[in-house]
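Here the structure is laid out as structure tokens; the discussion comes afterwards.
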Number of protein chains: 2
Amino acid sequence: MKIDDSKNKQNLQELLDTRDFVQHISVDCVIFGFHKGIMKVLLLKYHDLDLCSLPGGFVFNDEDLHDAAVRVLYERTHLSNIFLEQFQTFGDRNRTENNAHRVLLASKHIEVPKDHWTFQRFITVGYCSLIDFSLVDTFPNNMIEECKWFEVNNLPKMAFDHEEIIKKGLEFIRRNIDTQIVASSLLPEKFTMKELQTVYEIVLDEKFRRNNFQRKILALNSLERLEKLFDGSANKAPYLYKFADKKLYELL
Amino acid sequence: MKIDDSKNKQNLQELLDTRDFVQHISVDCVIFGFHKGIMKVLLLKYHDLDLCSLPGGFVFNDEDLHDAAVRVLYERTHLSNIFLEQFQTFGDRNRTENNAHRVLLASKHIEVPKDHWTFQRFITVGYCSLIDFSLVDTFPNNMIEECKWFEVNNLPKMAFDHEEIIKKGLEFIRRNIDTQIVASSLLPEKFTMKELQTVYEIVLDEKFRRNNFQRKILALNSLERLEKLFDGSANKAPYLYKFADKKLYELL
DNA sequence: GCAAAAGTGTTGTTTTTACACCCATGT
DNA sequence: ACATGGGTGTAAAAACAACACTTTTGC
């Protein structure tokens, strides 16, 4: 989880000259968030180019793969302390055929040899996470791309095989929703049962009954009931909860 | 699933000279089988070296990652038509520190420059499978290594981080036992319920009740009941079954 | 008191588990 | 006939789903 700002390459030209990456390997982060009941995913949109991609990057020679995912996410989005989980590796030989980099560089009139390493074949390792949408509103300014939320059900045109990667990432999140939500930065420290239920409903795209949901969740035995939340509304105040053993999850 | 024998590099020296691999990437196959109620895993034991490794190898530049796993498994073990499933990618920067190749080459007096590509850092993609132990008894002859079954609970000294990879592979198999067994070449075309139960019991290391197991499995609705099996024993003949939609699973 | 939203209880159904019984087969 | 192992049935228990009722809160 170490973030080293000195390694944060903001400048594309500088990045392209860097040779101390593990060749042919990349990482891509699929970050899901919510807004008004809609599930969204964080993408980079290239300026002047009708093409989006996942926030991804390369692995330094002396860096663990997982650390690279954490760093890359930080560099592109300024998100830190995100629980990232590896879900799948994508290695079809043609997966980078729709090469956004080449198009992008041409449009920026940046001269790069045709056999430059960034145009080589890449095998990418997919990481994903769920985060609290509202905590993130400022993204790094960048001459090349902007970072924005897009609806999962209405994706823009994607570079490479990134649409497939998002699909697989969503499937992974749905399969692992219990662990994922506990370990994610999705909910505040203290939250109500209704908030938790809403998250489940949006992620799984499925409605639950209030009381049965509560029973099921409490049966997992990972929630601790706290004080009531008085928000001034004219109704019974709901209890607040927190994840009892969140520390355990965060270790992995 | 295409096996190209012309690419089958038997000779280590020849292999080392080959440069048309994707650099820094490898695949490793964790193949599980059974014998007398014990779960085993297929390993390569280097001659004259007290060190084992998973059957693994590299990816050709023009080859899909998954195809590489299939090919590599064939080259090292002569197993074909194996249902391989990707489960995890291992990329810690120190994972190849216990470098068997270097030790091996030195012991064989093969001269290789210290900065040879095989000594570089590798990120490996793990694939695993369950197979019918008894179908495999002849493995390729090789001057460098031999292919043998080892008990999962009593592993020999392993090269690199291969012990960790086996552990994660076993966890994956246990989580995905239903799909895995249906798609694997573990059982013959036709099998009895008891045979299937034995497989589950060994993989999950857990006993089940005969009748309840049958109910649970039949509820999955993926078995087709066939004729009875008369094996000459003095008891009621059990039905044979086959996987009804095995074709579907084999597609993925 | 009333509406709104949360907590809790209750009942019926489905699924899981444990036990029992019956059936087919070769000797 | 009988021992052996397989198929099937059933009752108890647990888990789940649907519905109803009660409680708390601010106006």
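A, B, ... follow the sequence lines: proteins, then strands. Residue 1 opens every chain. Worth knowing before you read on, the calculation uses all heavy atoms, side chains too, and leaves out hydrogens, waters and symmetry mates.
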Extract from the structure each pairing of a protein N or O with an N or O of nucleotides 2-4 of chain D at less than 3.5 Å, listing the distance.
| from | atom 1 | to | atom 2 | distance (Å) |
| --- | --- | --- | --- | --- |
| D/dT4 | O2 | B/Ala234 | O | 2.8 |

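Within the cation-pi definition used here (under 6.0 Å to the ring centroid, within 45° of the axis), B/Arg225 does not qualify as a partner of B/Tyr241.
Candidate nucleotides D/dA18, C/dT8, C/dA6 were compared by shortest atom distance to the side chain of A/Arg209, and D/dA18 ranks first.
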Report summary line: Protein-proximity profile, nucleotides 9-16 of chain D, B/S/- by nucleotide at the 4.0 Å heavy-atom cutoff, equals BB------
Report task. Decide side-chain contact (heavy atoms from CB on, under 4.5 Å) for B/Gln86 and A/Thr89; before the verdict, give the C-alpha distance in whole Å, the side-chain angles of both, and the deciding distance to 0.1 Å. Result -> CA-CA 8 Å; B/Gln86 183 193 307; A/Thr89 296; 3.4 Å; yes
**Report entry** Steps toward salt bridge (Lys or Arg N to Asp or Glu O under 4.0 Å) verdict (A/Arg76, A/Glu145)
**Finding:** CA-CA 9 Å; A/Arg76 309 296 285 271; A/Glu145 71 219 2; 3.0 Å; yes
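Regarding A/Asp231, its CG atom lies at a distance of 11 Å from the C1' atom of C/dA6, rounded to whole Å. Nucleotide D/dG6 holds its P atom 13 Å from the CZ atom of B/Phe213, rounded to whole Å. Counting to the nearest Å, the P atom of C/dA5 and the CZ atom of A/Arg210 are 11 Å from each other.
A tilted orientation is assigned to the rings of B/Phe87 and B/Phe172, their planes being inclined by 30° to 60°. In this structure, B/His66 and B/Tyr127 have perpendicular ring planes: the angle between them is above 60°, well past the 30° mark.
Along DNA chain D, the nucleotide nearest A/Gly232 and the nucleotide nearest B/Lys194 are compared for position; the residue whose nucleotide lies closer to the 5' end is B/Lys194.
In summary, the side chains of B/Tyr200 and B/Asp205 do not present any donor paired with an acceptor at a separation below 3.5 Å, with no hydrogens or angles considered.
Aromatic ring centres of B/Phe191 and B/Phe243: separated by under 6.0 Å.
Scored by the side-chain contact (heavy atoms from CB on, under 4.5 Å) test, B/Lys216 finds B/Phe208 as partners (sequence neighbours excluded).
Using a 4.0 Å heavy-atom distance criterion, A/Ser233 is classed as a sugar-phosphate-only contact.
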